[in-house]
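Working notes, beginning with the structure itself.
Scope of the values below: all heavy atoms of this structure, side chains included, with no hydrogens, waters or symmetry mates. Chain identifiers are assigned alphabetically (A, B, ...) following the order of the sequence lines, protein sequences preceding nucleic acid strands; residue numbering begins at 1 within each chain.
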There are 2 protein chains.
Amino acid sequence: MPIRGKATSLDIAHLAGVSQPTVSRALRGSPMVSEETRRRVLAIAEQLNYKVDKNASNLRTQHTGTLALLFFEDPTPDESAINPFFLSMLGSITRACAQRGFDLLISFQQLSNDWQADYEDSKKADGLILLGYGDYLEARSRLERLVQQGTHFVRWGAAQPGQPGVSIGCDNFQGGHDITAHLLAQGCRRIAFLGHASNHYPEFEERYRGYAQALEAAGLAPDAQLQIDAVTSEQSGQEAADALLARGVAFDAIFGASDLIAIGAMKALHERGVRVPEDCLVVGFDDIPLASFVNPGLSTVQQDTKQAGALLVERLLQLIAGEAVDNLTIPVKLALRGSSRRVTASPEA
Amino acid sequence: MPIRGKATSLDIAHLAGVSQPTVSRALRGSPMVSEETRRRVLAIAEQLNYKVDKNASNLRTQHTGTLALLFFEDPTPDESAINPFFLSMLGSITRACAQRGFDLLISFQQLSNDWQADYEDSKKADGLILLGYGDYLEARSRLERLVQQGTHFVRWGAAQPGQPGVSIGCDNFQGGHDITAHLLAQGCRRIAFLGHASNHYPEFEERYRGYAQALEAAGLAPDAQLQIDAVTSEQSGQEAADALLARGVAFDAIFGASDLIAIGAMKALHERGVRVPEDCLVVGFDDIPLASFVNPGLSTVQQDTKQAGALLVERLLQLIAGEAVDNLTIPVKLALRGSSRRVTASPEA
DNA sequence: CTGAAAGCGCTTACAG
DNA sequence: CTGAAAGCGCTTACAG
């Protein structure tokens with residue numbers, strides 16, 4: 001038994017009086033090994049605290065048992081500010097990986113100039129999970145390159161026809177529709193939309209389309225004066241709400257394309273003395289943990305991150321196994337709180 | 001040039017008309033290769049989109065270029081609820097790793113029964129970063145085993161004499177002292193401490209000791225009636241505050257041993273009609289993002305997670321390089337907000 | 001059920 | 001400056 005350095009399967013073989021391949025078989029639970037031999041090998045392995053060398057076995061088998069998670073967010077000013085929604089996803093993805101016996105390698109793409117970081121090419125991972133709302137049109141060519149290289153990957157985001165690779169996303173359209181219908185049911189007629197509504201941000205665009213359809217179903221036309229661009233950050237939401245106020249147009253509700261936008265907007269309204277929900281209802285999208293903490297609580301569209309993480313991992317594994325995998329859209333539901341509760345009586349904290 | 005499968009260094013060697021070791025040297029920037037050869041090799045490698053097989057090179061060199069981050073929290077009821085403080089750490093650790101060219105493997109220990117998951121033994125990582133506030137006495141034997149096995153690791157937490165391995169932590173004592181002194185300066189005399197104050201939770205214990213010393217410096221004695229056990233969660237903080245109220249003892253401030261505890265306590269106070277800060281000041285510890293969002297904003301002790309993450313990685317790398325590394329304590333500072341602002345005039349939102 | 005042999009794709013002395 | 005050789009620690013046909 002070697003004092004220095006970790007034990008190898010050969011050490012165990014010597015001690016057990018068998019060949020090294022037999023040790024390998026015993027350890028991997030092969031049926032081609034007698035019970036007695038297996039027991040002996042296992043006991044010695046345990047005693048030596050032996051662990052299979054992953055590099056050696058990966059090299060031999062040509063797969064890694066590892067998935068890589070790549071965040072490709074727009075670079076944020078404060079680098080520690082990861083979008084809280086993706087943080088929730090991180091948790092569920094980590095768990096899904098662990099349950100299936102895979103390790104997770106994570107990376108933030110801001111730092112890396114070679115985009116997909118070649119995790120799969122360099123045999124560090126069997127496949128990639130892509131997370132992030134950046135400019136889709138910019139990302140698109142990179143996705144195409146991944147497809148072309150035969151890289152296995154799944155992406156969280158709007159599933160659209162003709163797009164490269166496999167996407168899994170929530171039903172942004174339905175979510176946008178339902179939350180808008182909710183505002184309409186509260187009596188709102190002038191609902192502002194804060195967020196990009198272009199094909200650069202397909203998730204937001206879908207939410208906008210749902211918003212527009214709900215309006216039209218109620219006999220209202222979307223008013224361009226009530227839409228202001230914004231990306232997912234509090235700061236951006238605050239600026240957008242300020243810009244909306246500066247336009248001087250009337251509005252009775254704000255739909256933030258993400259919770260961060262909505263929360264930033266609430267802050268702006270508060271600073272200008274516009275009361276939520278008395279003077280203006282506010283809703284968001286995502287249901288990040290913060291949504292239930294702001295005052296009043298933010299009504300929003302809830303994405304099931306637990307299910308999403310599990311599905312991303314499951315589908316990626318299918319892809320790696322060579323199965324065909326389709327895009328997938330996950331249903332959403334509303335989480336209604338104080339920010340969209342029409343008050344008729346006297347306000348209370 | 002092979003159509004199927006990734007290119008290897010041998011493929012490149014054939015195409016460049018050199019031996020395979022020469023390709024390896026050229027790619028790794030060895031000075032023992034002529035400029036002309038290097039250029040030729042590099043060009044072909046690029047064209048073939050060649051990437052070094054990490055398993056092969058790791059196996060050969062016997063290190064991985066990967067660090068593993070292990071969360072060992074007490075299992076939480078809602079599994080997606082990772083302590084937000086550690087989430088901030090995750091961000092800064094990821095960045096520090098990337099800057100130094102290391103990959104990060106992450107794992108949540110709740111799922112794994114073999115504790116340190118043997119990342120280093122199985123050659124998946126060169127070293128471990130341990131993150132989590134669990135029961136220290138339970139963790140201790142495991143830390144000892146890691147030391148005994150010669151595993152390289154650093155741990156975030158209270159640095160105490162005689163403890164196994166290297167710990168890096170913030171100055172919990174000073175933080176507890178300073179925030180308590182702040183409350184005293186606001187005129188508080190009956191300050192409750194919500195959180196465990198035993199050696200099972202050394203970080204909390206240190207914060208408690210700082211609290212006690214500040215009280216004593218002001219001529220006050222810590223009152224056991226004003227201390228209630230709690231772990232880091234909103235729920236636990238809420239229960240602790242309820243228990244405090246149930247005791248019927250007078251208090252004019254609450255020091256939550258973590259922000260989550262403090263925020264839970266604020267919720268409990270609010271439900272009982274106790275106003276913050278009019279009737280009772282509240283402070284926490286950590287400065288999680290949520291702290292500035294609750295209403296009123298939570299005064300707290302700020303830990304510099306950016307610096308902490310960088311230091312954890314730096315020290316771990318030193319350890320791996322065989323250097324001696326000491327425990328380290330990072331200074332803290334106060335982040336004062338509305339929850340500890342004594343109001344004399346009329347209250348306002 | 002077990003062993004001898006080959007090979008995964010690199011890196012690194014060792015010669016020249 | 002370059003090549004032939006060895007070997008990192010496994011897994012998997014191939015024989016028996």
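- One atom, CZ of A/Arg38, and another, C1' of C/dT2, lie 13 Å apart when rounded to the nearest Å.
- With a cut-off of 3.5 Å on both Watson-Crick or G-U wobble distances, the partner of C/dC14 is given as D/dG3.
- The distance between atom NZ of A/Lys124 and atom P of C/dC10, rounded to the nearest whole Å, is 14 Å.
- Regarding contacts with the backbone of D/dT2, a side-chain N or O of B/Thr37 is found under 4.0 angstrom from either OP1 or OP2.
- Protein atom NZ of A/Lys54 is 11 Å distant from nucleotide atom P of D/dC10, rounded to whole Å.
- No side-chain heavy atom of B/Val313 sits less than 4.5 Å from a side-chain heavy atom of B/Gln99.
- Atom-to-atom, CG of A/Leu27 to C1' of D/dT12 comes out at 16 Å; the value is rounded to the nearest Å.
- With rounding to whole Å, A/Arg28 atom CZ is found 10 Å from D/dC10 atom C1'.
- The shortest distance between the side-chain N/O atoms of B/Thr22 and the OP1/OP2 oxygens of D/dG3 is below 4.0 Å.
- Ion pairing of B/Arg39 with B/Glu36 is absent here, as no side-chain N (NZ or NE/NH1/NH2) approaches a carboxylate O to less than 4.0 Å.
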Every protein N/O lying under 3.5 Å from an N/O of nucleotides 7-9 of chain C:
from  : atom 1 : to      : atom 2 : distance (Å)
C/dC8 : O3'    : A/Gln62 : NE2    : 3.3
C/dG9 : OP1    : A/Gln62 : NE2    : 3.3
C/dG9 : N2     : B/Ala56 : O      : 3.2

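- The interatomic distance linking B/Asp11 (CG) with C/dC10 (C1') rounds to 13 Å, in whole Å.
- Summarising the geometry, the separation between CE on B/Met32 and P on C/dG16 is reported as 15 Å, rounded to the nearest angstrom.
- A heavy-atom distance below 4.5 Å is not found between the side chains of A/Arg315 and A/Leu319.
- Looking only at atom types and distance, the side chain of B/Thr64 has a donor-acceptor partner in the side chain of B/Asp126 under 3.5 Å away.
- Side-chain atoms of B/Arg40 come within 3.5 Å of backbone N or O of B/Ala16 as a donor-acceptor pair.
- In this structure a side-chain-to-backbone donor-acceptor pair under 3.5 Å is missing from B/Asn58 to B/Asn55.
- Proximity of B/Arg25 to the phosphate of D/dC1: no side-chain N or O atom is located under 4.0 Å from OP1 or OP2.
- When the side-chain nitrogen and oxygen atoms of B/Ser34 are compared with OP1 and OP2 of D/dC1, none of them lie within a distance under 4.0 Å.
- When the nearest nucleotides of DNA chain D are assigned to A/Ser24 and B/Gly17 by heavy-atom distance, the more 5′-ward of the two goes with B/Gly17.
- A/Ile93 and A/Gly309 get closest at one heavy-atom pair: CG1-CA, 3.7 Å.
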